[in-house]
Amino acid sequence: MRITKYPLFTIKEKPQNAELISNEYMLRSGIIQKNSSGLYTWLPLGYRILKKIKRIIRYYMKKINGIEIYMPILQSSEIWKKSGRLKLYGKELFKINDRKKKKFILSPTNEEIITQLIKKNVKIFQNIPILFFQIQTKFRDEIRPSYGVIRSKEFIMKDAYSFDISKKSLQKTYKKMSKIYKKIFKKMNVQFKIEKADGGNIGDGLSHEFVTITESMQNIKKKKKIKKKKLEIGHIFQLGVKYSKIMNIYTKDNNKNKKYIYMGCYGIGITRLIAAIIEQNNDHKGIIWPNAIAPFTVSIIPIQIKKNKKVKLISEKIYKTFKEQNIDVFFYDKIERTGIIFSEIELIGIPHNIIVSNKYIQNKELEYQNRKTGEKKIFKIKDIFKYIHKILKKKSRNNFTSKSN
RNA sequence: CGGUGAGUAGCGCAGCUUGGUAGCGCAACUGGUUUGGGACCAGUAGGUCGGAGGUUCAAAUCCUCCCUUGCCGACCA
């Protein structure tokens, strides 16, 4: 992508009311823009990041035979009444009426619909154990939305639902799921802990939370206080037979006794996860993206593009080559002050940066800068491609190329 | 819902104590000089000061109510 065709929505100054560092950087780097409390627009750059995360999640979910579906967000209140969660969720549920005054809710999670799906398609019992998942917008009428995207009224979640024939089988699925979650978060460079949790409104069986620890500075009466916050980015539940009993989903054993289906559900808060990653990967200049989810992995920064035709020409060539090689490359092909270019590129956190200047092209060389380590290296122009590929391969054995979406 | 801040140009802010008809920086536009780290000079444009009501000759400024919004608590993922 070139900046002349793909504007950045960067902001120089810290926005008002952005207390948390992740919120500040998300707003400043043009990932999101606030519409009102708890509601955000995902700008071009942010949407790229979202897509990369979704791609990684899909990749790993498919590895454990997860099957992707898409359920409605707008759901009849009836089914929620039946499960007893209309009352349980209470005011957190968004409730709306249609023109005939029929009652609906905006889904915060989907146990009701998925169990209904199984009940209506008993043939599916032949495929059990089975795992469904979806990536979808969810709604929660928060009392107090806060920390930007971390607690918002509308958010994107990966929710998965498993169906097993026995408790033992469910436990096996649960373990598999836990393992794959670990892989997903590691891939994204998130440090996390797994903690035994209380099921809340979702279930009453065994459940575990994947939490990150966030350190946020807070000015309390001029005394700087470091506040540690737990942030839940994933949650897995063994629901057992709770919902299948309510929905009456069962098979029969040899003695014609009812055997209820064992269910599990598994969530990852995707939009929140992005904030968590930024909380853990930043410095005073901005975000430091891990390769796997950086909106762009490589930038090309030409110095004095106006004066030096040759700089421009070579930059164009390098840009084209990276594009052909399927690297997500960002080309700063605009006449701009060098300071501004570097600040913007560093703020949005592109991990690998290539600087093309008159200083080095005389010797057919260019400069490489690593966003994370700050390391600077001089390369022959023709050697830079190999080097970038080497770094990217080392950090990501699985090749998530931009075409797979 | 309790506690506590904030709302003035696209963004970040000053002005409010002591009422006299709105200013600074950045961004935008014009011209010029610069430019390997958010530059400089000259000029232009942009505001029913969150809203409604009240006090007053006169309100961004004082009073009342409302709206929006940040943080703490409670609640939640």
Side-chain angles (χ1 to χ4, degrees), chain A residues 7-20 23-24 27-28 30 33-39 88-93 108-109 138-159 195 197-203 207-212 216-222 225 227 229-237 265-273 275-276 284-286 301-308 311 332 334-347 353-361 366-367 369 374 376:
Chain A
L8 302 174
F9 290 74
T10 52
I11 297 167
K12 188 175 167 183
E13 278 164 301
K14 181 184 166 186
Q16 193 189 32
N17 294 335
E19 299 300 327
L20 208 65
N23 192 211
E24 181 190 333
L27 291 163
R28 285 222 289 136
Q33 194 161 89
K34 189 160 113 184
N35 295 306
S36 69
S37 182
L39 295 170
L88 218 87
Y89 250 99
K91 287 183 176 170
E92 300 240 314
L93 261 186
T109 167
K138 299 283 184 291
F139 293 86
R140 237 163 258 195
D141 194 357
E142 286 292 340
I143 302 172
R144 182 162 74 92
S146 49
Y147 318 119
V149 114
I150 288 175
R151 193 192 293 171
S152 53
K153 291 184 171 170
E154 180 180 326
F155 55 98
I156 298 170
M157 191 163 114
K158 189 282 306 177
D159 45 327
E195 290 181 353
D198 170 36
N201 287 343
I202 292 176
S207 95
H208 287 91
E209 283 177 342
F210 291 72
V211 296
T212 66
S216 63
M217 297 289 281
Q218 236 161 1
N219 288 309
I220 297 172
K221 283 175 191 169
K222 287 180 187 170
K225 186 179 161 188
K227 211 183 161 188
K229 277 205 171 76
K230 265 203 265 175
L231 181 55
E232 182 187 327
I233 51 172
H235 203 153
I236 55 177
F237 301 86
C265 74
Y266 318 88
I268 293 178
I270 295 180
T271 37
R272 172 183 278 191
L273 177 61
H284 68 284
K285 289 175 174 173
I301 302 170
I303 303 294
Q304 300 236 34
I305 208 172
K306 196 177 175 185
K307 260 194 203 162
N308 301 298
V311 167
Y332 211 108
K334 196 170 84 178
I335 299 163
E336 192 56 270
R337 299 185 66 79
T338 316
I340 293 175
I341 301 179
F342 280 117
S343 312
E344 275 197 315
I345 293 291
E346 281 157 357
L347 177 64
N353 304 293
I354 292 163
I355 299 136
V356 184
S357 75
N358 208 28
K359 202 156 108 191
Y360 294 115
I361 55 171
L366 45 70
E367 186 182 336
Q369 276 189 26
K376 295 178 184 179

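Here the structure is a predicted model, which is why all the values come from computation and not from measurement. In what follows, chains are A, B, ... by sequence order, proteins preceding strands, each numbered from 1.
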- prompt: So does A:K34 get a side-chain nitrogen or oxygen closer than 4.0 Å to the phosphate oxygens (OP1/OP2) of B:rG70?
  reply: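 Yes, because at least one side-chain N or O of A:K34 sits under 4.0 Å from OP1 or OP2 of B:rG70.
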message: Can you see if the side chain of A:R144 gets near the phosphate of B:rG73 - specifically, an N or O under 4.0 Å from OP1 or OP2?
response: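 Answer is no, no contact under 4.0 Å.
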field: Residues A:K230, A:E195: salt bridge by 4.0 Å N-O rule
entry: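 Result for this pair is yes, salt bridge flagged.
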message: I'd like to check the salt bridge (Lys or Arg N to Asp or Glu O under 4.0 Å) partners of A:E13; sequence neighbours left out, ordered by chain and number.
response: none
- request: Please determine, for the side chain of A:R151, which listed nucleotide (B:rG37, B:rG38, B:rA74) has the closest atom?
  value: B:rA74
message: If you only use heavy atoms from C-beta on, which nucleotide in B:rU69, B:rC71, B:rG37 is closest to the side chain of A:S343?
response: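 Of the options given, the side chain of A:S343 lies nearest B:rG37.
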Just the atom pairs and distances: protein N or O near nucleotides 26-33 of chain B's N or O, under 3.5 Å.
none

Within the sub-3.5 Å range, which N or O atoms of nucleotides 7-9 of chain B have a protein N or O partner, and how far apart are they?
none

Under a 3.5 Å cut-off for both contacts, is [N] paired Watson-Crick or G-U wobble with anything, and if yes, with which nucleotide?
| N | answer |
| --- | --- |
| B:rA60 | none |
| B:rC11 | B:rG25 |
| B:rA74 | none |
| B:rG19 | none |

